[in-house]
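Structure first, commentary second.
Here is the naming used below: chain letters follow the sequence lines, and residue numbers restart at 1 for every chain.
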Protein chains: 4
Amino acid sequence: MTEKRRRSPGRPPTTQKNTTTDQVIIHAAIRLFLNHGYQKVSVDDVAEACGVTKATVYYYFKTKAELFTESILQMMERIRRQIDSLLHSEKPLKDRLFDVAEAHLRATMDIDLDGFLRETKNNVSENQTHMMRQAEERMYQEIEVVIEEAVNNNEIRPVSPPFAAHAFIALLRMGNAPSMQELFTAYEEMATNIINFYWRSLTNE
Amino acid sequence: MTEKRRRSPGRPPTTQKNTTTDQVIIHAAIRLFLNHGYQKVSVDDVAEACGVTKATVYYYFKTKAELFTESILQMMERIRRQIDSLLHSEKPLKDRLFDVAEAHLRATMDIDLDGFLRETKNNVSENQTHMMRQAEERMYQEIEVVIEEAVNNNEIRPVSPPFAAHAFIALLRMGNAPSMQELFTAYEEMATNIINFYWRSLTNE
Amino acid sequence: MTEKRRRSPGRPPTTQKNTTTDQVIIHAAIRLFLNHGYQKVSVDDVAEACGVTKATVYYYFKTKAELFTESILQMMERIRRQIDSLLHSEKPLKDRLFDVAEAHLRATMDIDLDGFLRETKNNVSENQTHMMRQAEERMYQEIEVVIEEAVNNNEIRPVSPPFAAHAFIALLRMGNAPSMQELFTAYEEMATNIINFYWRSLTNE
Amino acid sequence: MTEKRRRSPGRPPTTQKNTTTDQVIIHAAIRLFLNHGYQKVSVDDVAEACGVTKATVYYYFKTKAELFTESILQMMERIRRQIDSLLHSEKPLKDRLFDVAEAHLRATMDIDLDGFLRETKNNVSENQTHMMRQAEERMYQEIEVVIEEAVNNNEIRPVSPPFAAHAFIALLRMGNAPSMQELFTAYEEMATNIINFYWRSLTNE
DNA sequence: AATGAATGAGGTTTCATTCAT
DNA sequence: TATGAATGAAACCTCATTCAT
């Protein structure tokens, strides 16, 4: 009864329809939590958003916090996969970073993954926090790995990969500020500026 | 935690207090809102934190949103003044930026000015949002001004001051991330790293 | 008065009840609102009066105003039906009016349909007011119809039916005044006097 | 400290300015209570309406109920005097009743003296209720007296004066109903209809 | 005479959660 | 699998009232 997520490890066969009720709920929850934050979204809101009743949500998730955690984890995994694929093309590093930047700016414009995790702390259990933290780390790790490779290749100067990865994400978060959005007309332009600024620190150009 | 000081109604006997009640309330509110966010802090919490009753809080602030707005405005002003004073010493720019960075990291460690403003949007009136936005801008403007001067002096290479100011703040926000806090043992060290990274982008060294 | 039946959450075990919970609530609400007026009756009072919790009341009615409106509408409909049936017997008009009068005096003695609608205005939405106004009109219309027939039959002299209907109700409302209640010992006597007075105006006797 | 109303008996010399603070308060209170009812009007509302503070209101009136009572008493006395003067002209009775009717309709249009006293019961003390009841009786008594005289003069057929007085007031209250206001375009017309209807019952015409 | 500051009690409403079906 | 009915706790806010000045 308490066992959910029955998928075997690894990527599931894509033919399977993934619209089981719990996934429908998670999808709605992600959207709502991202747009309004944990506290403002009620379980009723989530239920209504996906055409089931509150009791149904509770049938699949023991508490609101659990629903939240599951949602975040899935979302982070999604983002991680996207970053992953963008980072592993054949382009030079600077171009790959640009791709990630543009995608991130476009996607994050109305969400806010970060301020999110902060709200989290007081609302979910130790264990849940831990899992989210790990998922977050996984997102960063892809970037760290790529940076480490570039350092080894002498493509960039020696830097601490974790630090550089965080700096990268931090600069991307600038895009959230309304005043930054006034400064640039297109995501592309914003991405260009951010990458140029970042790249200058990574190299000696 | 559940023990409230009981005071009977009516004006309290004149004790020469140096702080007015509304300021006491604002102080408590700032602390609580920063630590827990708008939604999680109840007006009762604020009242209890400063030894008055809920009704007293409502005597001074018409709504919770108004209390929140006033708190934020005062806090931002406080930060602005601090940044201001650090930025106007006689040291070279890099050192002044370092001072700001260190102070900011130390102060923000357990607060979260940023994730804050996000929550804001859904909770306060248009007008209140506008005032906060302005106060935020004022905080940035000090930095912009200093950067502009440095550009004019050829102390740093030509950059867009608003962009550079936001980038500075964005990098400082890295400090909030728990994983960054694991990376460095002291604020000073973190500040040094951030400033070095930032400075490299501003100059051609 | 302070003793509430405690029931644990969840659907109560199936007892074959003939009345649905929302009807139970409405019944209690009608009684309380009539006796004490909208403002004085709290949602808690209503809940307690029918052995459920406040939250249950809100489960069925979105707001206090909505509960009020529904109550009034049902009550008016009840009265309308009663008047209706009394007015459509085979007796002569005067006797039928007497029946209505007596029933009304007996029923309204401790309620106050009228002062009610006044309070209403400031408490409910435009739309709700509109619905109540319509329900009120329907109550009067039965009387208007009967009077119009009587005019056509020459049973009474020509009068404006709406005016005559309102006059009838207005005279019945005399019964509410405590000083009138001192004047007569029985509803029957009061009704007789009122009908005689009214009838004299409708005829040339 | 508890002594208010310092005027010597009899009508006060009209030159005296009667705008003492307590009178200002009463005036504002009457207006507000009439328009919105007892419960909806807060002591703050009254204070604000006459430019003083709540504490000032409490300086003059021990409780809200007392303020209410005083207001009602003064208002009733005002009405009583007006009715009185209209009833004691030299015109025939029917015309005098018409004058009262028209004045009443004009004045009561948006107030509602009656439903008022009902709200009262649960809010003021026994004693206060008693005083209001008496004031109300005094209003009726003028009419009763005039009717009794007319009976004695054979100007009208023999009726119970108290009953007739109440019937008169009851018919006037018809004017409050919005649907009646739709029926007639002017107060004069409404008064004419009501008086004709009433008069027909009092006489054998 | 008048007021500013404070309170306690209570009101409406929301919401996570539970339980029988 | 899914739900309708119910609840308890807590949130925001109002208001009559009091008291020192």
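- Checking B:Thr63 against C:Ala55, the closest nucleotide of DNA chain F that is more toward the 5' end is the one next to C:Ala55.
- Five base pairs at each end of the helix from E:dA2-F:dT21 to E:dT21-F:dA2 define two local axes, and these are offset by 20° (rounded to 10°).
- Checking side-chain atoms of A:Gln128 against main-chain N and O of A:Ser125 turns up a donor-acceptor pair under 3.5 Å.
- Counting to the nearest Å, the P atom of F:dA16 and the NZ atom of C:Lys40 are 12 Å from each other.
- D:Phe61 places a side-chain heavy atom less than 4.5 Å from the side chain of D:Asp22.
- Note on A:Tyr60: a side-chain N or O is less than 4.0 Å away from OP1 or OP2 of F:dA2.
- Residues B:Met75 and B:Ile72 meet the side-chain proximity criterion, which asks for heavy atoms closer than 4.5 Å.
- A:Gln23 is listed as a side-chain neighbour of A:His27, based on a closest heavy-atom distance under 4.5 Å.
- Protein atom OH of A:Tyr38 is 15 Å distant from nucleotide atom C1' of E:dT14, rounded to whole Å.
- Rounding to whole angstrom units, CZ of residue B:Phe61 and P of F:dC12 are separated by 15 Å.
- Along DNA chain E, the nucleotide nearest B:Tyr59 and the nucleotide nearest C:Asp45 are compared for position; the residue whose nucleotide lies closer to the 5' end is B:Tyr59.
- Mapping A:Asp44 and D:Thr53 onto DNA chain E by nearest heavy atom places D:Thr53 at the nucleotide closer to the 5' end.
- Across the protein-nucleic acid pair, C:Gln39 atom CD and F:dA16 atom C1' stand 15 Å apart, rounded to whole Å.
- Within the 4.0 angstrom heavy-atom criterion, base atoms lie near B:Thr56.
- Not a single donor-acceptor contact under 3.5 angstrom links the side-chain atoms of C:Lys62 to the base of E:dT13.
- Counting distance only, with no hydrogens placed and no angle test, the side-chain atoms of A:Lys54 and the base atoms of E:dT17 include a donor-acceptor pair under 3.5 Å.
- In this structure, B:His36 atom NE2 and F:dA11 atom P are separated by 13 Å, rounded to whole Å.
- Using a 4.5 Å heavy-atom threshold, the side chains of C:Phe68 and C:Val41 count as separate.
- A cation-pi arrangement is found for B:Lys64 relative to B:Tyr38, the charged atom lying closer than 6.0 Å to the ring centre and inside a 45° cone about the ring normal.
- Distance C:Tyr58 OH to F:dA11 C1': 13 Å, rounded to the nearest Å.
- In this structure, B:Thr21 reaches the E:dA6 phosphate: one of its side-chain N or O atoms is under 4.0 Å from OP1 or OP2.
- Taking 4.5 Å as the limit, every side-chain heavy atom of A:Glu48 sits out of range of all side-chain heavy atoms of A:Asp44.
- Rounded to an integer number of Å, the gap from CG of D:Leu67 to P of F:dT17 is 10 Å.
- Whole-Å rounding puts the A:Lys64 NZ to F:dA10 P distance at 16 Å.
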